[in-house]
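Step one of this worksheet: look at the structure below.
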Amino acid sequence: MSFVLDSSITLARVYSEEITDEVVQVFDLLTQSGAWVPTIWHLEVANVLQRDVRRKRCSADFRDATLADLARLPIQVDPETDRQAWGATLRLAARHGLTMYDAAYLELALRRNLPLATLDEDLRRAARAEKVKVLGA
């Protein structure tokens, strides 16, 4: 079963102090079945890692190794994210009080009829309201 992977659960897997059994289960499923991400996923993940380099939470070498490891995972980037931004994604953001970034993950899960793996409580709540299966906690 494929699913939509968001940046919150991706980054929880990166830092050992944030790993939970649920996060491990999501990544086990990812290695078996693959996952989908919206086009913003790469930017969000890299942004947090770069911020953490600036704040000295991690080194640039750790950031680079992490990005290289993530690039090897069976993750597919959805080519439709940008086309949905000013329509379905915007409507979801407005309806559920989400950021456009979070709404992009929800829109992708809805459009592809896939579960959503996230640790973000607002996004989890919105997904449940839209009848999207939620993975990750």
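Counting all heavy atoms, side chain and backbone alike, Tyr15 lies closest to Leu49 at OH-CD2, 3.5 Å. Scanning all heavy atoms of the two residues, the minimum distance from Ala12 to Val23 falls at CB-CG2, 4.0 Å. Scanning both residues, Trp41 and Ser7, for their nearest heavy atoms gives CD1-N, 3.9 Å. Looking at every heavy atom in both residues, Thr10 comes nearest to Phe27 through CA-CZ, 3.9 Å. Nearest approach of Glu130 to Leu106, heavy atoms of both residues: CG-CD2, 4.2 Å. When all heavy atoms of Thr39 and Thr81 are compared, the closest pair comes out as N-OG1, 3.4 Å.
Partners of Glu80 under the side-chain hydrogen bond (donor to acceptor under 3.5 Å, both in side chains) rule, at least two apart in sequence or in another chain, are Arg83. The side-chain hydrogen bond (donor to acceptor under 3.5 Å, both in side chains) test applied to Asn47 returns no partner, not counting sequence neighbours. Listed by chain and residue number, Glu22 satisfy the side-chain hydrogen bond (donor to acceptor under 3.5 Å, both in side chains) test with Thr20 (two or more places apart in sequence, or in another chain). In this view, Arg63 and Gln50 satisfy the side-chain hydrogen bond (donor to acceptor under 3.5 Å, both in side chains) rule, not counting sequence neighbours. Residues forming a salt bridge (Lys or Arg N to Asp or Glu O under 4.0 Å) with Arg111 (at least two apart in sequence, or on another chain): Asp78, Glu107. Thr99 is linked by a side-chain contact (heavy atoms from CB on, under 4.5 Å) to Tyr101, Asp102, counting only residues two or more places apart in sequence or in another chain.
Considering only heavy atoms from C-beta on, Ser2 comes within 4.5 Å of Trp36 through its side chain. Within the 4.5 Å cutoff, the side chain of His42 has heavy atoms near those of the Val77 side chain. Contact annotation: the side chain of Val4 never approaches that of Arg112 to less than 4.5 Å [non-hydrogen atoms, C-beta and beyond].
Applying the ring pair (Phe, Tyr, Trp, His ring centres under 6.0 Å) rule to pairs touching residues 75-99 yields nothing, sequence neighbours excluded. Contacts classified as salt bridge (Lys or Arg N to Asp or Glu O under 4.0 Å) and involving residues 41-55 (residues at least two apart or in different chains) are given here: Asp52-Arg57.
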ask   = Arg128 and Val134: side chain to side chain contact (heavy atoms under 4.5 Å, CB included), yes or no, with the steps?
value = CA-CA 7 Å; Arg128 287 187 193 107; Val134 178; 4.1 Å; yes
* Apply side-chain hydrogen bond (donor to acceptor under 3.5 Å, both in side chains) to the pair Ser59 and Asp61, showing each step before the final yes or no. => CA-CA 5 Å; Ser59 67; Asp61 288 341; 5.1 Å; no
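The hydrophobic cluster of Leu43 has no other members, since no ILVMFWY side-chain heavy atom comes under 4.5 Å of it. Hydrophobic cluster of Val24: the remaining members, joined at side-chain heavy-atom separations below 4.5 Å, are Ile19, listed by chain and number. In this structure, Val53 stands alone, with no Ile, Leu, Val, Met, Phe, Trp or Tyr side-chain heavy atom under 4.5 Å from its own, directly or through other members.
Ser8 contributes a side-chain N or O that, together with a main-chain N or O of Leu119, makes up a donor-acceptor pair within less than 3.5 Å.
Side chain to side chain, Thr118 and Asp120 fail the donor-acceptor criterion of an N or O pair below 3.5 Å.
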Expected list for residues 64-75: side-chain donor-acceptor pairs under 3.5 angstrom, two or more places apart:
residue : atom : partner : partner atom : Å
Thr66   : OG1  : Phe62   : O            : 2.8
Asp69   : OD1  : Arg72   : NH2          : 2.4

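Atom CG of Asn113 has 12 or fewer neighbouring heavy atoms from other residues, nucleotides or ligands inside a 6.0 Å radius.
Val37 and Met100 sit in two unconnected hydrophobic clusters of ILVMFWY residues. Membership requires side-chain heavy atoms under 4.5 Å apart, directly or through other members.
Annotation: the span from Leu123 atom CG to Arg125 atom CZ amounts to 10.0 Å, rounded to 0.5 Å.
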